[in-house]
Each structure stands twice: as C-alpha cells, then as structure tokens.
A.B. asks: 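Have a look at the structure that comes next, please.
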Number of protein chains: 2
Amino acid sequence: MPDRHTLAETEQATRERVQHLPLDFAASHALLSLYRAANAVRGHLTNNVLRPHDLTWTGFLVLWTLWIWDSMETRDIAESVGISKGTLTGVAKTLASRELIERIPSTADRRLVNLKLSPAGVELMEEIYPEFNKTESRIVGDLDARELDTMTSALRTLVETSEQS
Amino acid sequence: MPDRHTLAETEQATRERVQHLPLDFAASHALLSLYRAANAVRGHLTNNVLRPHDLTWTGFLVLWTLWIWDSMETRDIAESVGISKGTLTGVAKTLASRELIERIPSTADRRLVNLKLSPAGVELMEEIYPEFNKTESRIVGDLDARELDTMTSALRTLVETSEQS
DNA sequence: TCCAAGTCGTTTGGATCCGAACAGTAACGC
DNA sequence: GCGTTACTGTTCGGATCCAAACGACTTGGA
C-alpha cells in the first residue's frame, strides 16, 4: 500500500488522531468529501469538455446562466454563479472580447449593466451543453435515482444553511 | 420577486430553455448543487474560522493533512489535498516561513522532500480544529443522519468516478 | 432643492492556482 | 559502466479569484 490515502483511510486515521477530542466526525468527513468531489468534477469537466473549446469553468457558468435566463444584471449573475462582482467584471470582459456576450447599459438606472448572450454565444452553448451534460450524466451514472435525489436535496440544504450568515 | 434565482427556480428555467434537447436534468442539477454547496461551505469556513487565524483554505488543508498523517512526501500531500505540485510548493513555502511546518529532505532519495508539522503547527491545529469542526457540525446540522450518510457515500462515488480518467 | 446614505460596476493589489518547462536524481536494460 | 527513461520538487507565465477602495449614480428625507 503506497502512501496514497483514500477517503476511507483518511477517515480512519482522523479518528485515531483526534480520538480524545469531542468531535463531529460525520460532519467533517461529509464536508471533506464534498470539497473533494466538487474539485474532481470541476477538473474533469474543465479538462475534457471546456478546454477544447477554450472556455474557463467560470466563463462557462456565466454563459450558461445567461443562456438560461436570457438577460441579467451583473450583480445577479455574480451571485448566481457564486463569484464576486469584481471577478465577474474580468470574466465578462473576456467573454465580450470574444463576442460571446453583449453589454447592455440600462437606460432606467445608469449604474446598471445587463449582459446578454450574442447569437454566437447561443450557438456555442447549443453546441457545447449537450456534450457537457453527457459528461455530467456519465459522472453521476454510478448513483441510483434515490441516492442522486437525496444527495441533491442535501446539497441544497447545505447551500441555504451556509449562505445565510 | 427580485432577479435572484434559487436553485429550484433555476432548475425550472433550465427545463423550459432546453426542453427540446434530450438532456439529463437530474445530473445537471445535482452537479450544479454540488458546486454551489462546496463554494458556499468553503467560503463560510474560510471567513468565519480560518481568516481570523490568517490561514488560507488550502493552507489549512495542508496543515490538517500533515496533522492526520504525521509526515508525508510532497507528491502525496498535493494529491491528497487536491492541488498541483506547483501550488503545493508555494503553499509549503508560506507555511514554512511562518514556522508551522518543517521541510525534511529525504536521505534515501534526494529528489524527495517530506513535510512535517512543527510543534507550533501542532499547537495551532489543536486550537483551530475543534472550532473548525464545530462550524462544520453546525453546517450539516439541518440534515438527519440518513441524509448525511447517503450524501457522503454518494460524494465518494463521484470522486472515484471522475478522478479515474 | 439639496445632501447624506445606499447601491451599482469597475479598478486595484495581492494571493492562489494550474500547466508546462526545467534541472536534479533514481532505476533499469544493455 | 552507461545511456535511456521515468519521476521528483521547483520555477515560471498567465489566468483566476477575492476584498477593499473608488467614482458614478440613485434614492429619500430634511
């Protein structure tokens, strides 16, 4: 056995290390798994689907959000994608320079800027997303419907719990 | 209703947008929830527990890994934490400059470098981790034991599935 | 009307991260 | 021996990210 440790081995070693402390192991291992899973999935999708199209993970999420919701104010996009306003400014600049999105200043409130997919952006999403989704489907393919459902709703609970503060 | 969209609203809008395409919605929403949950949890723990101690998320994970496993070769640490070798070099340099870890070159194979927690590092972990874990426990507190268990094992399955490739 | 407070997107500075290129070291076949 | 191959940790360039500061703009009460 090499020094590479599986999640299960890490769990066991953790118990031995901090046995004397009153800790919530279930919580710790759940969130460690959460972080590792998100990283692994993100990396896999980025390398196998997004990189060939020269798209960033964040960039793709922005495009996808705009695709679903048509047009949005930048503050809402940032909140929806889960990045800061400042980060979105840079990402939007990159996407706009590739003419995948359009910047539409609001006339009612001149502080606001709306973003919108360009025709080329729509075309790109209609090409990429089926492929992206096929990979997503393969990733969760080892879970049965009940597991997937429970996991999804549990994750949503975590989002709500940890975002309010 | 403002333009802030919940995960449930996003799910509904997605269905309407791509109704005509043969897509795996369950997979898509599961992974969207996964990514959002990981981000929310990481942000919450970083801001509320780690930042007061001037620790990075990645830095904490490295310290935690060394705490659990005593001493490790850098390649295994990077793989365990889920970062590249190059990133670990920088993080280790930062932690070493704060004298939280020690670099121990291997005598048997002079390419290898082992990292090890310093006494100060051990002290820091014993101070921080109970606090960290208490927050973790609170985050998953809205889930019952069955949900938490199913979620954790499902996440482990995702790690295994998406890391092999 | 006017100004103080709030909100918007942007900019800035610094930290983090990855992937590729790199030099040093080990292992193995011939 | 000795060169080829593989593998280590490091370095480098570029992209991403956040938090804080900022200017532009709107709002609402005095």
A.B. asks: Under the 3.5 angstrom rule, does the side chain of A/Ser162 hit a backbone N or O of B/Ile139 as a donor-acceptor pair?
C.D. replies: no

A.B. asks: Please confirm whether the backbone N or O of A/Leu23 pairs with a side-chain atom of B/Asn133, one donor and one acceptor, at under 3.5 Å?
C.D. replies: no

A.B. asks: Could you tell me the separation between the CZ atom of A/Arg75 and the C1' atom of C/dT10, rounded to a whole number of Å?
C.D. replies: 16 Å

A.B. asks: Regarding B/Asn47, tell me which of base, sugar-phosphate or nothing describes its non-hydrogen contacts under 4.0 Å with the strands shown.
C.D. replies: sugar-phosphate

A.B. asks: Do A/Leu66 and A/Leu112 sit in the same hydrophobic cluster, where Ile, Leu, Val, Met, Phe, Trp and Tyr count as joined when their side-chain heavy atoms come under 4.5 Å apart?
C.D. replies: no

A.B. asks: What is the distance from atom OG1 of B/Thr46 to atom CZ of B/Arg51, rounded to the nearest 0.5 Å?
C.D. replies: 7.0 Å

A.B. asks: How would you label the contact of B/Gly59 with the nucleic acid (heavy atoms, under 4.0 Å): base, sugar-phosphate, or nothing?
C.D. replies: nothing

A.B. asks: Base, sugar-phosphate alone, or nothing: which one does B/Thr74 contact when heavy atoms must sit under 4.0 Å apart?
C.D. replies: sugar-phosphate

A.B. asks: I want to check one thing: is the phosphate of C/dT16, taken as OP1 and OP2, less than 4.0 Å away from some side-chain N or O of B/Arg42?
C.D. replies: no

A.B. asks: Looking at A/Thr87, does any N or O in its side chain come under 4.0 Å of the phosphate oxygens OP1/OP2 on D/dC18?
C.D. replies: yes

A.B. asks: Rounded off to whole Å, could you give me the CE-to-C1' distance for the A/Met72 and C/dC8 pair?
C.D. replies: 15 Å

A.B. asks: Would you indicate, yes or no, if D/dA15 has its OP1 or OP2 atom less than 4.0 angstrom from a side-chain nitrogen or oxygen of A/Thr94?
C.D. replies: no

A.B. asks: For B/Arg111 and for B/Ser84, locate the closest nucleotide of DNA chain C by heavy-atom distance; then report the residue assigned to the nucleotide nearer the 5' terminus.
C.D. replies: B/Ser84

A.B. asks: Rounding to an integer number of Å, can you tell me how far B/Asp109 CG sits from D/dA6 P?
C.D. replies: 17 Å

A.B. asks: Using atom CZ of A/Arg51 as one end and atom P of D/dT16 as the other, report the distance to the nearest whole Å.
C.D. replies: 11 Å

A.B. asks: Mapping A/Lys93 and A/Asn39 onto DNA chain C by nearest heavy atom, which one lands closer to the 5' end?
C.D. replies: A/Lys93

A.B. asks: Does the side chain of B/Arg110 get closer than 4.0 angstrom to OP1 or OP2 of C/dT25 through an N or O atom?
C.D. replies: yes

A.B. asks: To the nearest 0.5 Å, what is the distance between OG1 (B/Thr135) and CG (B/Asn48)?
C.D. replies: 6.5 Å

A.B. asks: Find the distance A/Lys85:NZ to C/dT10:C1' and express it as a whole number of Å.
C.D. replies: 9 Å

A.B. asks: Using a heavy-atom cut-off of under 4.0 Å over every strand shown, decide if B/Ala108 touches base, sugar-phosphate, or nothing.
C.D. replies: sugar-phosphate

A.B. asks: Looking for any heavy atom pair under 4.0 Å, which part of the strands does A/Leu88 touch: base, sugar-phosphate only, or nothing?
C.D. replies: nothing

A.B. asks: Measure from the side chain of B/Val113, starting at C-beta and using heavy atoms only, and say which of C/dG9, C/dT16, D/dG9 lies closest.
C.D. replies: D/dG9

A.B. asks: Check the distance between C/dC18's P and A/Leu50's CG and give it to me in whole angstrom.
C.D. replies: 16 Å

A.B. asks: Could you check whether A/Trp64 and A/Phe132 have their ring centres less than 6.0 Å apart?
C.D. replies: no

A.B. asks: Nearest whole angstrom, please: distance from the C1' of C/dG14 to the CG of B/Asp54.
C.D. replies: 13 Å

A.B. asks: Base, sugar-phosphate or nothing for A/Gly43? Non-hydrogen atoms, less than 4.0 Å.
C.D. replies: nothing

A.B. asks: From OH of A/Tyr35 over to C1' of C/dT16, roughly how many Å is that when rounded to an integer?
C.D. replies: 11 Å

